[in-house]
Asks: 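Sharing a structure here in structure tokens format.
Below, chains carry the letters A, B, ... as their sequence lines are ordered, and counting in each starts from 1.
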Amino acid sequence: MAFHLYDTASRQIRELVPVVPGRVSIYHCGLTVQGPPHIGHIRKEVVFDVLRRWLERSGLEVSIVANVTDIDDKILAKGAEQGRPWFAVAYENERALHAAYEVLGCTPPTYEPRATGVVPEMIEMMQQLIERGHAYPADNGSGDVYFDVRSWPAYGELSHQKVDDMLPAEDAPPEGKRDGRDFALWKGHKDGDPESASWPTPWGRGRPGWHLECSAMAAKYLGPEFDIHGGGLDLRFPHHENELAQSRAAGQAFARFWMHNAMLNLSGAKMSKSVGNTLMVSEVVKRVRPIDLRYYLAASHYRSIVEFSEESLAEAATAFQRVEGFVRRATALTGLGELTDVPADFAAAMDDDLSVPAALAILQGRVSDGNSLLAAGASDELAIVLAEVRSMLDVLGLDPSSPTWDRGGDDAASAQVIDSLVGGLLEQRQQARAAKDFATADRVRDQLAAAGIEIEDTPQGARWSVKG
RNA sequence: GGUGGGUUGGCCGAGAGGCGAGGCAACGGACUGCAAAUCCGUUUACACGGGUUCAAAUCCCGUACCCACCUCCA
């Protein structure tokens with residue numbers, strides 16, 4: 001079965017047939033870097049990282065472009081507030097985003113352009129839109145340039161709304177607009193805004209409008225037609241609707257699929273800076289292992305709302321640790337081995353609009369099989385199950401054996417010291433058990449547990465691990 | 001006011017006309033010196049009211065509640 005994906009525009013699950021055979025091009029809206037990323041933002045990154053991994057595993061070459069919107073009202077306001085350049089604010093938060101990718105094992109995008117880097121392309125596109133009669137400079141001298149919504153009959157095709165039902169766009173004062181729904185392609189320079197936040201254009205100095213940025217970047221890096229345009233569901237309107245209108249009005253075919261991930265809610269509302277119910281990635285990973293957080297974020301279907309709670313996060317961590325425990329135990333017996341093909345039913349689930357929950361059910365089933373085999377010690381069959389389980393985990397970016405999840409810091413020398421100390425205690429415990437001195441044996445176990453070390457008694461003897 | 005999506009067992013979470021996904025928790029059993037881990041088993045779910053059908057959690061109509069978008073937003 002070939003890969004099928006839900007398309008928001010047509011509201012159908014369709015087979016993905018790439019524009020260029022063998023290669024998939026994806027654009028998804030990155031962050032407006034007005035603050036560090038919260039776990040709702042990073043959910044989107046995990047979703048697209050899983051998509052990329054699955055497509056690559058299916059033998060396709062994948063290009064992903066995710067923009068960084070490094071200029072907007074809030075970034076300018078924060079710069080002014082903090083008494084430093086707006087670009088210092090933007091860059092600091094861009095680095096925080098990269099740190100979040102890193103800690104959760106998300107491969108960075110193929111290209112990650114900044115909005116301020118495509119100003120010439122935006123000017124060119126505006127000129128083209130004005131020539132074609134789809135845009136106009138404001139006639140009130142503001143320096144704004146607007147898209148003429150009435151000139152584009154298809155406007156509303158993505159969010160399935162009629163222009164007359166829409167409320168006026170409030171991104172600019174209505175005086176300069178022909179219609180209240182017209183939206184800004186470009187924002188004229190205002191008194192009080194820093195000079196560094198403006199660029200010259202045929203219509204005066206000004207700065208990029210949000211919607212046009214993405215159209216310009218998508219065209220520059222992926223060409224006039226590409227496979228998938230993604231982003232959070234909250235961007236469907238107006239942002240994506242506007243992008244689609246601009247790019248098509250400029251003569252481009254644009255995205256074949258629109259893929260929107262659902263929101264992550266906290267306390268019944270979308271996690272967002274404006275509501276103030278945010279949990280920063282950098283904070284959460286201090287108390288939850290990053291790999292457990294990734295499992296939690298990846299485990300739900302991407303089109304389902306995730307209602308965040310500490311309980312469900314803890315539950316996800318437990319579920320993942322069962323899988324991880326199998327990988328650890330099996331690896332100890334058979335060695336790591338090579339990755340292999342994923343089971344056909346797992347592949348079918350992933351091909352069906354990235355049905356990770358169904359795929360996880362198959363993974364869990366294999367883990368059960370593997371755990372049963374484990375009792376008999378090493379076997380070829382066990383090695384096969386291990387390879388399959390790790391391959392499935394790899395697709396989800398959750399293979400605990402991957403170097404991604406190595407927590408730097410413990411150097412080989414101290415690891416050896418710990419190994420030898422724990423080994424000595426385990427030996428003492430074994431002797432006590434042999435002598436049926438269970439009080440001593442349990443005392444040793446308690447002592448190790450207090451130090452954060454778990455003991456597992458197996459047919460091959462006791463094994464220890466540091467509790468996660 | 002307009003446009004979408006949702007409501008599933010103690011909890012999380014899939015499914016989309018007939019066969020009870022999976023996980024977590026709980027309980028029982030196996031294993032264990034006792035545990036832990038693991039395995040096996042058990043726990044008669046689909047918001048409410050109508051309708052269509054031989055058959056509805058799944059389709060249709062209505063009601064209630066929740067979420068998102070129509071302002072900046074992943």
Asks: Roughly, in whole Å, what's the span from OH in A/Y27 to C1' in B/A74?
Replies: 13 Å
Asks: Under a 3.5 Å cut-off on both pairing distances, which runs of 3 or more consecutive Watson-Crick or G-U pairs involve RNA chain B?
Replies: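 Only these stems qualify: B:1-7 with B:64-70, B:10-12 with B:22-24, B:26-30 with B:38-42, B:47-51 with B:59-63.
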Asks: In whole Å, I'd like the distance from the CD atom of A/Q161 to the C1' atom of B/G4.
Replies: 9 Å
Asks: Using atom C1' in both nucleotides, what's the gap between B/G23 and B/A45 to the nearest angstrom?
Replies: 16 Å
Asks: Taking the same atom, C1', in B/A47 and in B/A56, what whole-Å distance lies between them?
Replies: 16 Å
Asks: Can you find a side chain N or O atom of A/R11 that sits less than 4.0 Å from OP1 or OP2 on B/G4?
Replies: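 Affirmative; the distance criterion is met.
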Asks: With heavy atoms under 4.0 Å as the rule, sort A/G30 into base, sugar-phosphate or nothing.
Replies: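 Since only primed, P, OP1 and OP2 atoms lie under 4.0 Å of A/G30, the category is sugar-phosphate.
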Asks: What interatomic distance, in whole Å, is found between C1' of B/G49 and the corresponding atom of B/C39?
Replies: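 Nearest-Å result for B/C39 against B/G49 at atom C1': 46 Å.
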Asks: Please report, rounded to the nearest Å, how far the C1' atom of B/G5 is from the NE2 atom of A/H260.
Replies: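 Checked: the NE2 to C1' distance equals 14 Å.
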Asks: Side chain to side chain contact (heavy atoms under 4.5 Å, CB included) between A/R445 and A/R429: does it pass, once the steps are laid out?
Replies: CA-CA 8 Å; A/R445 186 167 64 195; A/R429 173 169 172 267; 3.6 Å; yes
Asks: Measuring only the C1' atom in each nucleotide, how far is B/U8 from B/A57? A whole number of Å is fine.
Replies: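 That atom pair is separated by 7 Å.
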Asks: Check the side chains of A/H41 and A/E45 for a donor-acceptor pair under 3.5 angstrom, ignoring hydrogens and angles.
Replies: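 No donor-acceptor contact under 3.5 Å links the two side chains.
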Asks: Check this for me: A/Y111, atom OH, are more than 12 non-hydrogen atoms of other residues, nucleotides or ligands nearer than 6.0 Å?
Replies: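 No, not enclosed.
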Asks: Quick check: do A/H98 and A/E112 have side-chain heavy atoms less than 4.5 Å from each other?
Replies: yes
Asks: Applying a 4.0 Å non-hydrogen cut-off, can you work out what A/S274 is touching in the nucleic acid: base, sugar-phosphate, or nothing?
Replies: base
Asks: Among the candidates B/G2, B/C69, B/A68, find the nucleotide nearest to the side-chain atoms of A/F237.
Replies: B/C69
Asks: Rounded to whole angstroms, how far apart are CG on A/D164 and C1' on B/C70?
Replies: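 Rounded to the whole Å, the gap is 14 Å.
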Asks: Using a 4.0 Å heavy-atom cut-off, write out nucleotides 32-41 of chain B from 5' to 3' as B (base contacted by protein), S (sugar-phosphate only) or - (no contact).
Replies: -BBBBSSS--
Asks: Heavy atoms under 4.0 Å, any strand shown: does A/H160 hit a base, just sugar-phosphate, or nothing?
Replies: sugar-phosphate
Asks: Here's a test of your reading of the structure: between A/K162 and A/P357, which maps to the more 5' nucleotide of RNA chain B?
Replies: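 Taking each residue's closest nucleotide, the earlier one in sequence belongs to A/K162.
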Asks: Under 4.0 angstrom, heavy atoms only, what part of the nucleic acid is A/G231 near: base, sugar-phosphate, or nothing?
Replies: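 Sugar-phosphate contact only - A/G231 comes under 4.0 Å of backbone atoms but never of a base.
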Asks: For the C1' atoms, the ones on B/G13 and on B/G1, what distance do you get once it is rounded to whole angstrom?
Replies: 35 Å
Asks: Around A/E102, counting heavy atoms of other residues, nucleotides and ligands shown, do more than 12 lie under 6.0 Å from its CD?
Replies: no
Asks: Please report the distance, rounded to the nearest Å, between CZ in A/R366 and C1' in B/G22.
Replies: 16 Å
Asks: By nearest heavy atom, map A/A269 and A/K74 onto RNA chain B; which one lands nearer the 5' end?
Replies: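 Nearest nucleotide further toward 5': that of A/A269.
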Asks: So, A/Q12 and A/R14: side-chain donor and acceptor under 3.5 Å apart, yes or no?
Replies: no
Asks: Side-chain N or O of A/K270 less than 4.0 angstrom from OP1 or OP2 on B/C69?
Replies: yes
Asks: Categorize A/G156 for me: base, sugar-phosphate, or nothing, with a 4.0 angstrom heavy-atom threshold over every strand shown.
Replies: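 No contact at all - A/G156 keeps every heavy atom at 4.0 Å or more from the nucleic acid.
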Asks: In terms of side-chain heavy atoms, does A/D227 have a donor or acceptor partner in A/S25 at a distance below 3.5 Å?
Replies: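 Indeed, the side chains of A/D227 and A/S25 share at least one donor-acceptor pair under 3.5 Å.
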Asks: Would you say the ring centers of A/H229 and A/H240 fall short of 6.0 Å from each other?
Replies: yes
Asks: Quick check, are the ring centers of A/F48 and A/Y302 under 6.0 angstrom apart?
Replies: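 Judged by ring-centre distance (under 6.0 Å), A/F48 and A/Y302 do not meet the cut-off.
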Asks: For the rings on A/Y296 and A/F308, is their centre-to-centre separation under 6.0 Å?
Replies: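 When the ring centroids of A/Y296 and A/F308 are compared, they turn out to be within the sub-6.0 Å range.
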Asks: Mind checking if A/L31 touches a base, just sugar-phosphate, or nothing, with heavy atoms under 4.0 Å?
Replies: sugar-phosphate
Asks: Using a heavy-atom distance cut-off of less than 4.0 Å, which residues of residues 301-317 of chain A contact RNA chain B?
Replies: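 Going residue by residue through residues 301-317 of chain A, the ones with a heavy atom under 4.0 Å of RNA chain B turn out to be A/H301, A/S304, A/I305, A/E315.
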Asks: For A/L266 and B/C67, give me the distance from atom CG to atom C1', rounded to whole Å.
Replies: 14 Å
Asks: Taking any heavy-atom pair under 4.0 Å as a contact, classify A/N265: base, sugar-phosphate, or nothing.
Replies: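 Sugar-phosphate contact only - A/N265 comes under 4.0 Å of backbone atoms but never of a base.
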Asks: Run the ring pair (Phe, Tyr, Trp, His ring centres under 6.0 Å) test on A/F257 and A/Y6 for me, step by step, so that the C-alpha distance in whole Å, both residues' side-chain angles and the decisive distance to 0.1 Å come before the verdict.
Replies: CA-CA 8 Å; A/F257 280 78; A/Y6 181 83; 9.6 Å; no
Asks: A/D292 and A/Q321: side-chain donor and acceptor closer than 3.5 Å?
Replies: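 The answer is yes; a qualifying pair exists.
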Asks: A/L233 has an atom CG; how far is it from atom C1' of B/U3, in whole Å?
Replies: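 Rounding to the nearest Å, CG of A/L233 and C1' of B/U3 are 12 Å apart.
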Asks: I'd like the P distance from B/A35 over to B/G29, given in whole Å.
Replies: 11 Å
Asks: Flag yes if more than 12 heavy atoms outside A/R463 fall under 6.0 Å of its CZ atom; otherwise flag no.
Replies: yes
Asks: Mind checking the P distance from B/G22 to B/C65? Whole angstroms is fine.
Replies: 35 Å
Asks: Going by heavy atoms in the side chains, are A/R114 and A/Y91 under 4.5 Å from each other?
Replies: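 Contact flag for A/R114/A/Y91 side chains = yes.
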Asks: Just call it for A/Q364: base, sugar-phosphate, or nothing, with non-hydrogen atoms closer than 4.0 Å on any strand.
Replies: sugar-phosphate
Asks: Whole angstroms only, please: what is the CE-P distance between A/M350 and B/G22?
Replies: 19 Å
Asks: What's the gap between B/U44 and B/U63 when it is taken at their C1' atoms, as a whole Å value?
Replies: 28 Å
